[in-house]
Amino acid sequence: MYKTSFARPLLILVFCILVTITGCGSQKDGGSDQEPPVISPPRVLVPEAPGEKVLGTSPLTLDISRTDQGYFVARAEAGSRRINIQMCAPDGVLYSYFVEPGEDAVLPFSGGSGNYLVTCYQQVSGSQYAALCSESLDVSLENEFLPYIYPNQYVDFSPESEVSRQALSMLEDDATDIQALDAIYTFVTERVTYDTEKARTIEAGYLPDVDETLECGTGICFDYAALTAAMLRSRDIPCKLQIGYAGDIKHAWIDVYIRSKGWVEKAVVFDGETWTRMDPTFDSSSDDKEQIQSYIGDGDNYTVQFTR
């Protein structure tokens, strides 16, 4: 179900800084005993935009044909101006996405099942945007884990991506989630080193390129998290890309769902009996692992703003 209201042209100021708000959308009822879908052998799920249900017209269309799979596809017309899409989710978070002219962007329903208010804007100049439309979408997910298995604009990969090929070839098809997590985590922390210059000069709106991170072997926390998430999702292991703060430092990390354990937060080392919270960025970069582990601690230093 969806409702559409088209706004009169209105110039507004859209800030690139994402903000958290409360009271938007309607939260889904209660908890769930669902488990992730079993896909055997593991394979990359490919988002679709078949055009069966489409909202909007030039310069922006929203393909909502597969909302039950945890995403929709925004298509910005080539030759138009930049688009900003803001999603008021049932988890009370305002998610903001930017779509460039000629781009198809897969945008996830990270807040789970419920009502989403999707408001779209087109750039006029600089940080001034004109309101295009507002859509109310009632989303019922086929499986609550699907938004964390499919690729999206922030965790962008495909069956042809080198990260997917690497993740699928490094282990047997029947490898357990724990074996896959251990292998992928070790691979990323040994393969990628922290790029301090990139961290110093990064611009607002940056999106990771996971294959580029794999090829160059350097990156910032956002790159570490997106690469690890892409490799885990390639093996159908639900993984959340979390964006927020470690202490007072802007940071990105991952949470992983292990069927025998549930959601494991601030990822992740398992010694056979207990989980140790570790962070791929800090773990690969630190000369003093004990000090970093002490800082990460029980997760109190982490604050989530957005889940992608």
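Given the structure is predicted, the values throughout are model-derived calculations rather than measurements.
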*Asn143 side chain to Pro36 main-chain N or O, any donor-acceptor pair under 3.5 Å?*
no
*Between CG on residue Leu60 and CG on residue Leu55, distance to nearest 0.5 Å*: 9.5 Å
*Work out which heavy atom in Leu117 is nearest to a heavy atom in Ser134; give both atom names and the distance.*
CD1-OG, 3.2 Å
*Is it possible for you to say whether Ile202 and Ile243 belong to one hydrophobic cluster, with membership spreading through side-chain heavy-atom contacts below 4.5 Å?*
yes
*Test Tyr97 against Gln153 for side chain to side chain donor-acceptor pair (under 3.5 Å), laying out the working first.*
CA-CA 9 Å; Tyr97 297 92; Gln153 189 189 54; over 6 Å; no
*Do Ser161 side-chain atoms and Val163 backbone N/O form a donor-acceptor pair below 3.5 Å?*
no
*So do Val46 and Pro159 actually touch side chain to side chain, heavy atoms under 4.5 Å?*
yes
_Using the rule that Ile, Leu, Val, Met, Phe, Trp and Tyr join whenever any side-chain heavy atoms are under 4.5 Å apart, tell me whether Ile254 and Leu227 fall into a single cluster._
yes
*Spell out, as yes or no, whether a donor-acceptor pair under 3.5 Å connects the side chain of Tyr71 to the backbone of Glu48.*
yes
_In terms of relative ring orientation, are Phe109 and Phe72 parallel, tilted or perpendicular, with 30° and 60° separating the classes?_
tilted
*asked:* Using side-chain heavy atoms (C-beta onward) and a distance below 4.5 Å, is Tyr257 in contact with Lys240?
replied: no
*State, without any angle test, whether Tyr116 and Glu135 hold a side-chain donor-acceptor pair at a distance under 3.5 Å.*
no
*asked:* Checking the side chain of Ser65 only, and the main-chain atoms of Glu52 only, is there a donor and an acceptor separated by less than 3.5 Å?
replied: yes
*Does the side chain of Pro208 come within less than 4.5 Å of Tyr224's, by heavy atoms?*
no
_Restricting to non-hydrogen atoms, name the atom on Gly219 and the atom on Val192 that form the minimum distance, rounded to 0.1 Å._
N-CG1, 3.9 Å
*asked:* Let's go through Val118 and Leu107 carefully: what are the C-alpha distance in whole Å and the side-chain angles of both, what is the deciding distance for side chain to side chain contact (heavy atoms under 4.5 Å, CB included) to 0.1 Å, and is it a yes or a no?
replied: CA-CA 11 Å; Val118 180; Leu107 306 184; over 6 Å; no
_Determine whether a donor-acceptor pair (N or O, by modelled atom type, separation under 3.5 Å) exists between the side chain of Arg233 and the backbone of Cys239._
yes
*Mind listing the closest non-hydrogen atom pair of Ala226 and Leu241 along with its distance?*
N-CD1, 4.1 Å
*To the nearest 0.5 Å, how far apart are CZ in Phe157 and CG in Asn152?*
8.0 Å
*Closest approach of Ala199 to Tyr194 (non-hydrogen atoms, all atoms of both residues)*: CB-OH, 3.3 Å
*Consider only side-chain N and O atoms of Asn115 and Ser136, and report whether a donor and an acceptor are under 3.5 Å apart.*
yes
*Could you pull out the closest heavy-atom pair between Ile237 and Ala180, with the gap in Å?*
CD1-CB, 3.6 Å
*Taking a hydrophobic cluster as the set of Ile, Leu, Val, Met, Phe, Trp and Tyr residues connected by side-chain heavy atoms closer than 4.5 Å, whether directly or through intermediates, do Val139 and Tyr148 fall within one such cluster?*
no
*How far apart are the C-alpha atoms of Leu146 and Leu141, what are their side-chain angles, what is the distance that settles it, and do they pass the side chain to side chain contact (heavy atoms under 4.5 Å, CB included) test?*
CA-CA 8 Å; Leu146 288 171; Leu141 300 180; 5.7 Å; no
*Heavy-atom side-chain proximity of Lys53 to Arg66 below 4.5 angstrom*: no
_Ser40 vs Asp173, test: side chain to side chain donor-acceptor pair (under 3.5 Å). Steps then yes/no._
CA-CA 8 Å; Ser40 183; Asp173 289 345; over 6 Å; no
_Within the structure provided, determine whether Asp63 and Pro50 are in side-chain contact (heavy-atom separation under 4.5 Å)._
yes
*Would you confirm whether Asp236, through its side chain, and Arg43, through its main-chain N or O, come within 3.5 Å as a donor-acceptor pair?*
yes
*Is the backbone N or O of Asp209 less than 3.5 Å from a side-chain atom of Thr213, with the two atoms forming a donor-acceptor pair by type?*
yes
*Around atom CD of Glu162, are there more than 12 heavy atoms of other residues, nucleotides or ligands at under 6.0 Å?*
yes
*Arg75 side-chain N/O to Thr61 backbone N/O, donor-acceptor pair under 3.5 Å*: no
*Can you see which heavy atom on Leu62 is nearest to which on Cys120, and at what distance?*
CD1-SG, 4.1 Å
*Could you grab the distance from atom CH2 of Trp253 to atom OG1 of Thr228, nearest 0.5 Å is fine?*
14.0 Å
*Flag side-chain contact, heavy atom, 4.5 Å: Tyr129 against Gln123*: yes
_Arg235 side chain to Ala167 backbone, donor-acceptor under 3.5 Å_ = yes
*State yes or no: do Leu45 and Met231 share one hydrophobic cluster built from I, L, V, M, F, W and Y residues joined by side-chain heavy-atom distances below 4.5 Å, directly or via other members?*
no
*Walk me through it: do Leu132 and Ile83 pass the test side chain to side chain contact (heavy atoms under 4.5 Å, CB included)?*
CA-CA 9 Å; Leu132 293 175; Ile83 300 293; 3.9 Å; yes
*asked:* To the closest 0.5 Å, what do you measure between CG (Leu181) and OG1 (Thr176)?
replied: 9.0 Å
_Angle between ring planes, Tyr206 versus Phe222, binned at 30° and 60°: parallel, tilted or perpendicular?_
perpendicular
*How many angstroms lie between CD in Gln166 and CG in Leu171, if you round to the nearest 0.5 Å?*
10.0 Å
_Measuring only between side-chain heavy atoms, which start at C-beta, is Ser158 closer than 4.5 Å to Pro151?_
no
*Does Tyr121 use its side chain to pair, donor to acceptor, with the backbone of Arg82 at less than 3.5 Å?*
no
*Go through Arg165 and Glu160 one step at a time and tell me if the side chain to side chain contact (heavy atoms under 4.5 Å, CB included) criterion holds.*
CA-CA 7 Å; Arg165 294 171 179 166; Glu160 291 73 39; 4.1 Å; yes
*Measure the spacing between OG of Ser58 and CD of Gln122 and express it to the nearest 0.5 Å.*
8.0 Å
*Indicate, with yes or no, if Val106 and Ile64 share a hydrophobic cluster defined by side-chain heavy-atom contacts under 4.5 Å among Ile, Leu, Val, Met, Phe, Trp and Tyr.*
no
